[in-house]
Amino acid sequence: MASDEALLAIGEVSDRTGVNTVTLRAWQRRYGLLKPQRTPKGHRLYSEQDVQRIKEILSWLDKGVAVSQVKQLLGQGDVVDAASVQNLPEVAALKDAVMRFDARAVKSRLAELTKNYPISTLEMTVINPLSDWFRSQNTDVMKVCDSFWHTTLAHELVHRLHNNSKVPSKKQCWLVAMQGDQPHRAYLQALLLQSEGYNVTIIEGLDSGLGILHKALTDQHVEKLVIYSDSSFSASVKREVENLLSKTELNTDLLGQCRLIHPELVNSATPSVNANLERQQ
């Protein structure tokens, strides 16, 4: 058994692996994937071996293996037919529920998915494939389905954000969600930031005053400011963003399709900020 010094609390494991504490508990209770030790007061303690096991679980999930099927694959190496794991099996059931406009079923399935899978895995194996499929169907019925899907998805992601925020974190991050045609993507980014250990505050609909917000957050010693947009910036917003990226007082990131639309903004960032932006390409 590992010594007490080698054991990690669930919050520390969450920070190291990017898997939120709700999901870690679900993997233990529902699927028997983890067997943490307990303190006399019942708090979970994880060893380095547990951390490596979590990373192995993540590798299978990222291949599209359902969480209910992972246990039998652990320790067997990378031996799975790639053609059989392109998307999680829940995708078909979720698509069917959306096409039937079964709001209760869609919300229930999304709630289970966000509880049982890391958000990065869901984005790659469920959310993006399903969103792309609905947007590719050029019929009036499918346009309604697409709207229903993205609206329900956005609400569920916000709900998960609020639930996750109950876990305390000293690292503060603000995310400015600029206008775009897929608002759920900003919430996905907020959840990814949560998985990195940030307590995320979201502000939406801001099209001016970034400099005012930047100064206030700097004065409060907030660690990070993220500007997210999938659309082009107006001339005035572009000037504000360029000015913020040239500063070093606050770690400021630019995320979304705006990075591709305005590559000159990334190039104009200070060396330290630019290195951080380049890592996100």
Hey, are the side chains of [X] and [Y] touching, using non-hydrogen atoms and a 4.5 Å cut-off?
X: N199; Y: Q194; result: no
X: S208; Y: V237; result: no
X: H214; Y: E240; result: no
X: L193; Y: E196; result: yes
X: E223; Y: N251; result: no
X: K95; Y: W149; result: no
X: C258; Y: M178; result: no
X: W27; Y: V70; result: no

Taking atom [atom1] of [X] and atom [atom2] of [Y], what is their separation to the nearest 0.5 Å?
X: L94; Y: M99; atom1: CG; atom2: CE; answer: 12.0 Å
X: L61; Y: T125; atom1: CG; atom2: OG1; answer: 8.0 Å
X: E156; Y: S108; atom1: CD; atom2: OG; answer: 9.0 Å
X: R44; Y: L8; atom1: CZ; atom2: CG; answer: 15.0 Å
X: K171; Y: D15; atom1: NZ; atom2: CG; answer: 6.5 Å
X: D230; Y: Q189; atom1: CG; atom2: CD; answer: 10.0 Å

Step by step, work out the side chain to side chain contact (heavy atoms under 4.5 Å, CB included) result for R25 and I10. CA-CA 9 Å; R25 293 187 183 99; I10 191 169; 4.0 Å; yes
Check your understanding: More than 12 non-hydrogen atoms from neighbouring residues, nucleotides or ligands closer than 6.0 Å to CG on D219, yes or no?
Key -> yes
Check: [X] side chain, [Y] main-chain N or O, donor-acceptor pair, under 3.5 Å:
X: D50; Y: S47; result: yes
X: T151; Y: F148; result: no
X: Y228; Y: L175; result: no

Heavy-atom nearest pair, Q72 first then Q69, reads CG-O, 3.1 Å
- After noting the C-alpha distance and the side-chain angles of L34 and Y46, does the key distance pass the side chain to side chain contact (heavy atoms under 4.5 Å, CB included) rule? CA-CA 9 Å; L34 299 168; Y46 297 80; 4.2 Å; yes
Side chain to side chain donor-acceptor pair (under 3.5 Å) filter on E204, not counting sequence neighbours, yields Y187
* To do: Would you kindly say whether H150 and S131 are connected by a side-chain donor-acceptor distance under 3.5 Å?
  => yes
> Side-chain donor-acceptor pair under 3.5 Å between D62 and T121, yes or no?
Replying inline: yes
**OP:** List the steps, then state whether side chain to side chain contact (heavy atoms under 4.5 Å, CB included) holds for V67 with L33.
**Re:** CA-CA 9 Å; V67 66; L33 294 174; 3.9 Å; yes
In the single-linkage hydrophobic clustering (I, L, V, M, F, W, Y; side-chain heavy atoms under 4.5 Å), do [X] and [Y] co-cluster?
X: I212; Y: L245; result: no
X: I261; Y: V241; result: no
X: L157; Y: L192; result: yes

SB check E112 R30 (cutoff 4.0 Å)
yes
